[in-house]
Each structure stands twice: as C-alpha cells, then as structure tokens.
Amino acid sequence: MPGFAPSSRGDVPNAVGNASFELVVLPHLDAAYNLARWLMRDPAAAEDVLQEAMVRALTYFASFKGVNPRAWLLQIVRNTAYGSMALNRGVETVPIAEESDEAGAVELVSGDDNPEIALLRARECRQVRALIAALPVELRETLVLREFEEFSYKEIAEATQTPIGTVMSRLWRARQMLAQAAAAEGLV
Amino acid sequence: MSDLTPCDKVLLVQAELDGELDAAQAAALEAHRTDCPICRASQAELMRARGLMRGDLYEPMPDDVRTRVMARLRQVAPPPAPAPRRRRNWDWLRGPSIGFGLGAACAAAISLLVVLPERNDLIDQVVAGHIRALQPGHLEDVVSTDQHTVKPWFDGRIDFAPPVRDFAAEGFPLRGGRLDYLGGRPVAALVYQRDKHIIDLYVWPASGAGPHLAGDTTIQGYNVVHWAAGRMNFWAVSDVERGQLDDFAALWKKAP
C-alpha cells in the first residue's frame with residue numbers, strides 16, 4: 001500500500017507501524033464482525049473468533065503485502081472461525097435468528113411509519129436470517145461474502161482458498177436453497 | 001458440482017447477475033438464454049434469492065464488543081516505531097502462543113493503538129483514508145444518490161446520525177457513503193462527485209470544546225478543508241481545485 005507506510009522506514013518496504021494497521025485494517029473491523037457472526041451464528045463465539053482474528057491480523061500485519069486488506073482480514077477471520085468450529089465440533093450453537101427479539105428486529109428496519117408493516121418486515125427479515133443461518137457453512141460464507149461484502153468471485157476464491165468454479169457452484173446452490181426454502185415458507 | 005445444475009450455462013446466468021461477465025460473454029449468454037427455459041427459470045430464482053437479501057441482514061458490531069477488541073489490540077500492540085532489528089524480536093509472537101505473557105512483554109513499551117491524533121496527524125489520516133477509498137471497491141459501502149437512503153444506512157453502524165445532503169443541483173451529486181476510521185473512532189464518510197473527481201466528506205461529532213482548527217491545506221496534491229458546524233466536525237478532501245472544494249464547503253456551511 002504505497003503512501004501509507006511512513007517513509008522513515010523505507011529500508012523495510014513492508015514494515016508498517018500501528019498507525020498503518022489502524023488505517024489499513026481497522027476500517028474493516030465491522031466486516032470482520034459480520035462475517036464472524038454469520039459463520040459462528042452465536043454472538044459470544046463470534047466475539048471470541050473476532051478477538052483472536054484481530055490479534056492474528058495485528059501480528060501478521062508486517063508481512064501483509066497485498067492491496068486488498070479487507071479480503072486479507074476476512075480470510076483470517078474465516079480461517080480462525082473454521083479453527084474454532086473444528087475445536088468445538090459437536091457443540092451446538094444458537095442459530096442467529098433465535099435470540100433476536102422482535103423489538104430489536106423492528107428497530108433494525110425502522111424508517112417505516114406504519115408499525116404493522118415494520119413488524120411484518122422485521123418478521124420477514126428474521127425468517128430470511130434463519131434460512132441463511134441454516135445453510136451449510138461453506139455455502140453460507142460464500143453467500144455472505146458475495147451479498148454483504150460484495151466480493152468478486154476472485155476475492156471470494158482467495159478469501160476461502162477455493163477454486164472459482166467451486167465458488168460459483170456454491171453460490172448457485174446457496175441461492176437456490178435460499179429461494180426454495182423461502183418459497184416453502186411462503187416468503188416469496 | 002456442475003452435475004447438480006440443470007443446464008451448464010446457469011452459472012453464467014448467475015455470473016451475469018453478479019456483474020462478472022464482459023459484454024461479449026453477456027451477449028453470447030443472451031443468445032443462449034432466449035432458447036433455454038431452464039436458464040430463464042434459473043435467472044428468476046436467482047433474482048428472488050437476491051431480493052430476499054435486500055433487507056438489513058448485516059450484523060452490526062455492538063459497542064462493547066468493539067471496545068473489548070480495541071482494548072485487546074492495545075494490549076498486544078508492539079511499540080509504534082520499531083527499528084528494523086526489533087522486528088525480529090517479535091517474530092516469535094507469530095506462533096500459536098500469541099497472547100501468553102504478551103502483556104508483560106509489551107507492558108513497558110505499550111503504545112496506544114488509538115491515540116487522539118495531533119492535528120497534522122489527523123490531516124494525514126484524512127488524506128490517507130481518501131486515497132485508500134479511491135482503490136477499486138472501497139469507495140462506498142452504500143451506493144445511492146438519495147440522501148434518504150444514505151442517512152438511514154448509518155443507523156446502527158455508527159453511534160451518531162451524520163447529516164447527509166445531496167448537492168446535485170449545485171454540481172456536487174451524492175454518490176453514497178461508507179464507514180471509515182479516523183482519529184481512533186469510526187466516522188461517516190459521504191462520497192460526492194464533481195465531474196470526474198471524487199470528494200470525500202468525513203463527519204463525526206466534535207468532542208467537547210476543542211480548538212477549532214483552520215484545516216485548509218494541501219497534502220500530496222489533495223486539498224483538505226475543515227470546518228465545524230452543529231457540533232460536528234467536517235473534513236472534505238479531494239483532488240478538485242481548491243476553489244471548487246471551497247464552494248462545496250460553502251454549500252454545506254449555509255445549508256439549513
């Protein structure tokens with residue numbers, strides 16, 4: 001990332017200080033949380049993953065040479081999450097939608113004057129959340145990176161260390177399952 | 001997994017929806033799709049799936065989580081200006097033992113990851129943030145020319161409600177907004193266009209009765225204008241001419 005690293009350390013091109021970590025990586029903290037949350041489906045587990053991933057990111061930052069810090073950070077989050085899932089295999093986590101209460105959900109889609117419509121939208125939102133949360137993790141992560149982070153296929157392939165062809169078919173299956181499950185619930 | 005797809009072109013249908021096809025590929029697909037009911041049905045289904053995700057499904061990070069993460073990072077942060085040989089000293093931290101004894105190791109030399117920056121430091125950050133945002137795919141998190149779309153987008157993502165205005169009539173159309181991180185806090189960044197130039201306007205609440213800085217300056221060819229109004233800090237940065245950026249600032253200052 002030319003222009004960010006203080007020139008005083010020009011002898012070590014990739015040596016970047018904390019100020020740069022703050023500038024380059026921290027803007028993507030929210031994206032990191034969102035991904036951790038969707039992968040782990042449980043707020044406490046997501047925070048653990050986020051904590052560990054951010055420490056790893058800070059530790060490895062000196063060797064970060066890429067131009068896409070968000071993809072780099074999300075790859076770390078993703079790998080940390082998978083590590084955590086492997087450790088906790090068999091431990092049930094709470095699906096993302098079940099602990100969100102109606103009131104909180106209404107707040108998220110506020111901006112609508114009509115409380116009935118707002119409530120309806122909130123319910124729909126919760127249903128969609130539950131459907132996404134129910135997708136197999138490899139489909140879920142592909143969908144989240146595409147729809148929420150608007151990653152290109154290439155970026156998803158890099159972040160998930162998966163061939164582009166597989167990314168495309170996972171994304172297709174994720175959307176197909178989502179659309180069909182929604183239709184079954186009368187959502188579409 | 002293509003054996004699970006009913007026509008081998010459906011992934012291309014999807015790729016088109018995702019903006020991954022060039023014009024020639026899209027034209028070839030169009031010719032096929034006219035004759036392929038499977039691809040047409042698949043397209044409808046893909047669009048339904050995308051429509052389902054239009055709602056606000058992003059998981060906003062609670063403030064207390066942010067606070068704990070930042071505290072943890074501060075704890076493990078290495079000294080701010082390590083000499084080259086110092087880097088070797090913390091290579092050992094890269095192992096799986098991260099976290100153990102780290103507090104003690106760094107306690108004496110802890111740098112605050114997030115410090116209230118000096119004014120010059122802040123200007124540098126504003127410019128660096130702008131340059132970073134100009135890289136492909138980083139400019140906007142929410143793309144809309146409608147201020148009534150951009151403003152609510154910040155709800156729940158940031159702990160204040162930034163003012164959002166569109167000055168399309170005056171030649172500064174709103175393009176969208178994003179979250180950014182400046183001076184140790186999340187800030188709202190509004191993105192405007194002036195002809196072929198991008199203007200970033202950073203907005204965050206003024207903290208206390210700090211000195212009002214005259215922030216007009218030029219760094220690395222980027223003009224920066226700073227003002228404060230309505231208990232908010234404003235920093236505009238762009239490569240447009242100084243006069244035009246001043247016009248932009250003037251529009252903001254006289255806006256109701």
Side-chain angles (χ1 to χ4, degrees), chain A residues 1 3-4 8-9 11-12 15 17-19 21-24 26-27 29-30 33-34 37-38 47 50-51 54-56 58-60 62 67 70 96 107-111 121 124-125 128-129 131-132 146-148 150 152-153 166 168-173 175-176 178-180 182-183 187-188, chain B residues 1-2 4-5 10-11 14-15 18-20 42 45-46 48-53 55-62 65-66 68-69 72-73 76-78 80-82 84 87 90 93-94 98-99 111 113-114 121 125 128-129 131-132 135 137-138 152 155-157 178-181 184 186 220:
Chain A
M1 234 163 241
F4 292 160
S8 59
R9 269 173 281 136
D11 53 326
V12 187
N18 295 335
F21 181 80
E22 184 184 342
L23 278 175
V24 174
L26 285 189
L29 187 58
D30 291 85
Y33 179 79
N34 179 61
R37 191 79 165 73
W38 276 106
E47 181 176 348
L50 182 69
Q51 292 267 6
M54 292 311 294
V55 170
R56 280 192 198 177
L58 179 62
T59 309
Y60 292 126
V67 291
R70 188 152 64 143
I96 211 158
E107 213 170 297
L108 278 177
V109 290
S110 65
R121 289 214 182 127
E124 193 178 299
C125 217
V128 173
R129 267 166 201 274
L131 295 178
I132 299 170
R146 173 64 215 155
E147 295 289 358
F148 297 158
E150 293 181 343
S152 68
Y153 292 176
T166 309
M168 290 168 73
S169 55
R170 282 181 180 172
L171 195 52
W172 190 80
R173 283 179 57 211
R175 284 167 165 162
Q176 200 191 29
L178 182 63
Q180 289 173 358
L187 261 172
V188 179
Chain B
M1 264 178 262
S2 59
L4 292 176
T5 60
V10 293
L11 292 184
Q14 173 177 255
D18 287 325
E20 297 268 347
S42 180
E45 190 163 70
L46 290 168
R48 276 203 302 278
R50 283 193 358 168
L52 283 168
M53 296 186 71
D56 196 347
L57 300 168
Y58 212 87
E59 290 288 344
M61 176 161 42
V65 174
R66 188 186 305 275
R68 286 194 290 273
V69 169
R72 176 86 182 276
L73 288 175
V76 301
R87 286 162 44 73
W90 68 303
L93 293 179
R94 296 179 188 188
I98 293 167
S111 71
L113 190 64
V114 177
D121 203 21
Q125 287 191 27
I131 297 171
R132 181 179 60 243
Q135 290 169 4
H138 286 89
D155 293 348
R157 291 185 166 86
R178 66 172 189 279
L179 280 189
D180 224 314
Y181 205 87
Q220 294 175 32

query: With respect to chain A, which residue among B/L179, B/D180, B/V65, B/L57 yields the maximal number of heavy-atom pairs within a distance under 4.5 Å?
result: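 Sorted descending by pairs with chain A, the first entry is B/L57.
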message: Checking the side chain of B/Q14 only, and the main-chain atoms of A/M168 only, is there a donor and an acceptor separated by less than 3.5 Å?
response: yes
query: Is B/L73 close to A/F21 at the side-chain level, that is, under 4.5 Å between some pair of heavy atoms?
result: yes
message: Within the 4.5 Å heavy-atom criterion, are A/R175 and B/E45 side-chain neighbours or not?
response: no
task: Select one option (side chain, backbone, both, neither) describing which atoms of B/R68 are under 4.5 Å from chain A's heavy atoms.
output: both
query: Where does B/E20 contact chain A at under 4.5 Å (heavy atoms): side chain, backbone, both or neither?
result: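 The side chain, not the backbone.
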- prompt: Considering the options A/L29, A/L23, A/L26, which one meets the side chain to side chain contact (heavy atoms under 4.5 Å, CB included) requirement together with B/Y181?
  reply: A/L26
Heavy atoms only: give me the nearest [X]-[Y] pair and the separation to one decimal.
X: B/P60; Y: A/Y33; answer: O-CE2, 3.5 Å
X: B/L52; Y: A/A182; answer: CD1-CB, 3.4 Å
X: B/A15; Y: A/Y153; answer: CA-OH, 3.2 Å

- prompt: When rounded to the nearest 0.5 angstrom, what is the spacing between CZ in B/R72 and CD in A/Q51?
  reply: 5.5 Å
message: Can you tell me how far apart CZ (B/R66) and CG (A/L50) are? Round to the nearest 0.5 Å.
response: 9.5 Å
message: Between A/D30 and B/R157, does any side-chain N to carboxylate O distance fall below 4.0 Å?
response: no
- request: Output yes when B/E59 and A/R129 qualify as a salt bridge under the 4.0 Å nitrogen-oxygen rule, no when they do not.
  value: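 A/R129 and B/E59: salt-bridged.
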message: For A/L131, which atoms come within 4.5 Å of any heavy atom of chain B: side chain, backbone, both, or neither?
response: neither
